[in-house]
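Notes for the one structure printed next.
This chain uses plain numbering: 1 for the first residue, then up along the sequence. Predicted model only: the values in this text are computed from it and were never measured.
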Amino acid sequence: MAELSTPPAPAHTSSTCGGCCTKISSLSVSSGNTTIIDNVNLHFHCGEFSVITGPNGAGKTTLLKAIAGEMPFTGEIFFHHYGDDNNKRVKPRIGYVPQKIAFDPAAPMTVEDLFALSLTSRPRWLFRDKNVRKTALDSLGAVDAAHLISRKLGCLSGGELQRVILSLALTPRPDILLLDEPVSGIDASGLNLFYAMISELRAKYDLSIVMVSHDLSRSAKYADRLIFFNRTVICGGTPGEVLRDGRVREFFGTVIIEERVSDGSVSHHNEGRAN
C-alpha cells in the first residue's frame with residue numbers, strides 16, 4: 001500500500017472548555033438479523049475536531065445517520081452540560097452534512113432560496129423575509145461564503161456548494177456538527193483550506209465537529225482526535241496514538257506519524273508496516 005505522509009502541521013490545540021460533551025452509549029444499529037454497527041461508546045467534547053476513518057463498508061455513514069436521528073438505533077445519545085441543573089442530560093442540537101446532496105442543477109434556485117426553504121414554511125415566490133436574508137448572510141459569513149448568497153446552486157463549484165451546505169448545517173448553531181466525507185468534489189487546492197476552516201469553526205463556536213474521512217494524511221494534521229472504526233470503535237485517541245496502533249498500520253500500511261508535542265512542534269516517527 002502506498003506510503004502516507006503529511007507536511008508539518010500548524011501548531012494548534014483543542015479549545016475544549018471541558019464543560020460539555022455529546023455522549024454516545026451502547027449504540028447499535030441492526031437490519032433484520034444483521035448487525036451493522038455494534039456497541040459504540042464515544043464522547044465528543046465541545047471545541048474538539050474528531051475524524052472517523054476506516055475501511056469501506058465499516059458503517060461510518062450509518063453511525064453518523066444514527067447520531068443525526070435519520071436511522072433507528074438502540075442505545076443512548078445525549079448532550080451533557082456539567083454543573084447545569086445537576087448534570088441534566090438533554091438531546092443535543094445536531095447539524096448534519098450528508099455524503100451526497102441531490103438537487104436539480106438546472107433549477108433557478110439561489111443560495112438565499114435554499115435558506116428560505118429551510119427556515120420558513122411561507123412560499124418564497126410570495127414572501128421575502130428580511131430576517132431570512134440576514135440569517136443566511138450571518139451563516140454564510142461563518143464559512144467565508146456570504147458573497148454566494150445570490151448565486152444559483154447550479155452555478156456553484158463543488159467547494160462552494162459544500163460551504164453553502166455547511167453554513168446551512170450551522171443554522172441554528174448546533175452542539176455537534178456531523179460531516180460525512182465533505183471534501184468529495186473539492187479540488188486538491190481547496191482541501192487544506194477546508195480543513196483549516198473546520199478547525200477554526202470548532203474553536204470559534206466551541207463546536208464538537210465529527211467528520212468521516214478517508215484522507216488520513218490531512219486528518220492526522222488537523223484533527224484533535226482520530227477514531228478507527230470497523231462496525232465498532234477499534235481504537236481512538238490523538239493522531240499520533242492511533243497511527244502507532246498496529247491494527248491501524250496493518251490496514252493503512254507504512255505511515256509517517258505526526259505527533260504534536262507540547263511546544264507546538266511536530267516530531268516524525270517512521271513506523272514500518274505491521275507484520
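Residues Lys221 and Asn192 are in side-chain contact: their nearest non-hydrogen atoms beyond the backbone lie under 4.5 Å apart. Between Tyr222 and Pro239, every side-chain heavy-atom pair lies at or beyond the 4.5 Å cut-off. The shortest side-chain heavy-atom distance between Met211 and Leu178 does not fall under the 4.5 Å cut-off. Arg133 has its side chain within reach of Glu112: a pair of non-hydrogen atoms, C-beta onward, lies under 4.5 Å apart. By the 4.5 Å heavy-atom criterion applied to side chains, Leu27 and Ile37 are counted as neighbours. Proximity of Thr22 to Ile77: side-chain heavy atoms (C-beta onward) are separated by under 4.5 Å at one or more points. No side-chain heavy atom of Ile149 sits less than 4.5 Å from a side-chain heavy atom of Thr110. With contacts defined as side-chain heavy-atom distances shorter than 4.5 Å, the pair Ile52/Val233 does not qualify.
Residues Leu207 and Phe44 fall into different hydrophobic clusters, defined by Ile, Leu, Val, Met, Phe, Trp and Tyr side chains chained together at heavy-atom separations under 4.5 Å. Both Leu161 and Leu166 are part of a single hydrophobic cluster, where members link through side-chain heavy atoms under 4.5 Å apart. Val164 is connected to Ile198 through a chain of hydrophobic side-chain contacts under 4.5 Å among Ile, Leu, Val, Met, Phe, Trp and Tyr, so both are in one cluster. Both Ile94 and Val29 are members of a single hydrophobic cluster when ILVMFWY side chains are connected at heavy-atom separations under 4.5 Å. Side-chain heavy atoms closer than 4.5 Å link hydrophobic residues (I, L, V, M, F, W, Y) into clusters, and following such links, even through other members, never connects Met71 to Val97.
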> Step by step, would you call Thr171 with Ser139 a side chain to side chain donor-acceptor pair (under 3.5 Å)?
Replying inline: CA-CA 7 Å; Thr171 311; Ser139 296; 2.5 Å; yes

>> Apply side chain to side chain donor-acceptor pair (under 3.5 Å) to residues Asp224 and His45 and explain how you reach the verdict.
In response: CA-CA 10 Å; Asp224 300 305; His45 292 275; over 6 Å; no

>> Please evaluate residues Tyr96 and Glu70 with respect to the criterion side chain to side chain contact (heavy atoms under 4.5 Å, CB included), reporting the C-alpha separation (whole Å), side-chain torsions for both, the decisive distance (0.1 Å), and the verdict.
In response: CA-CA 10 Å; Tyr96 177 46; Glu70 295 194 354; 3.5 Å; yes

> Would Asp104 and Met109 count as a side chain to side chain contact (heavy atoms under 4.5 Å, CB included) if you check the C-alpha gap in whole Å, the side-chain angles of each, and the deciding distance to 0.1 Å?
Replying inline: CA-CA 9 Å; Asp104 182 0; Met109 179 182 291; over 6 Å; no

>> Using the rule given for side chain to side chain contact (heavy atoms under 4.5 Å, CB included), can you reason through Val210 versus Leu42, listing the C-alpha separation, both sets of side-chain angles and the distance that settles it, and then say yes or no?
In response: CA-CA 11 Å; Val210 182; Leu42 288 167; over 6 Å; no

> Checking side chain to side chain contact (heavy atoms under 4.5 Å, CB included) for the pair Glu76/Ile24: CA distance, chi angles, key distance, verdict?
Replying inline: CA-CA 6 Å; Glu76 189 177 19; Ile24 298 171; over 6 Å; no

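Thr53 contributes a side-chain N or O that, together with a main-chain N or O of Ser213, makes up a donor-acceptor pair within less than 3.5 Å. A distance-only check finds no donor-acceptor pair linking the side chain of Arg151 to the backbone of Val111 [under 3.5 Å]. Although no hydrogens or angles enter the test, the distance criterion places a donor-acceptor pair under 3.5 Å between the side chain of Glu160 and the main chain of Ser157. Between the side chain of Arg218 and the backbone N or O of Asp215, no donor-acceptor pair lies under 3.5 Å. Judged purely by atom type and a 3.5 angstrom limit, Asp38 has no side-chain atom pairing as donor or acceptor with the backbone of Thr232. Judged by distance alone, the side chain of Ser199 and the main-chain N or O of Tyr195 form a donor-acceptor pair under 3.5 Å.
Residues Val242 and Gly237 come closest through the heavy atom pair CG2-N, 3.4 Å. In plain terms, the two heavy atoms of Ala142 and Leu201 that are nearest each other are O-CD2, 3.6 Å. Here the shortest heavy-atom pairing between Asn41 and Ser26 reads OD1-N, 2.8 Å. The minimum heavy-atom distance linking Phe115 with Ser167 is given by the pair CZ-OG, 3.4 Å. Minimum interatomic distance between Leu177 and Pro174 (heavy atoms only, all atoms of both residues): CB-CG, 4.5 Å.
A cation-pi arrangement, defined by a distance under 6.0 Å to the six-membered ring centre and an angle within 45 degrees of its axis, is absent between Arg225 and Phe49.
The pair Arg93-Asp175 counts as a salt bridge, with a side-chain nitrogen and a carboxylate oxygen less than 4.0 angstrom apart. Here Lys60 does not pair with Asp180 in a salt bridge; the nearest charged N to carboxylate O distance is not below 4.0 Å. A salt bridge between Glu48 and Arg202 is absent, with no side-chain N of the basic residue lying under 4.0 Å from a carboxylate O of the acidic one. Checked for salt-bridge contact, Asp138 and Lys134 meet the test: a charged N lies under 4.0 Å from a carboxylate O.
Among the candidates Leu64, Leu63, Ile227, the single residue satisfying the side chain to side chain contact (heavy atoms under 4.5 Å, CB included) test with Val212 is Leu64.
A distance of 12.0 Å separates CG in Asp206 from CZ in Arg173, rounded to the nearest 0.5 Å. Taking CG from Asp144 and CE from Met197, the interatomic distance works out to 7.5 Å, rounded to the nearest 0.5 Å. Atoms OG and CD1, from Ser30 and Ile36 in turn, are 7.0 Å apart once rounded to the nearest 0.5 Å. Leu156 contributes atom CG, which lies 9.0 Å from atom CD1 of Ile165 (distance to the nearest 0.5 angstrom). The structure places CG of Leu243 at 9.0 Å from SG of Cys235, a figure rounded to the nearest 0.5 Å. Rounded to the nearest 0.5 Å, atoms CG (Leu226) and CG (Leu216) are 6.5 Å apart.
Under the side chain to side chain contact (heavy atoms under 4.5 Å, CB included) criterion, Ala145 pairs with Leu140, Val143, Leu148, Arg163, not counting sequence neighbours.
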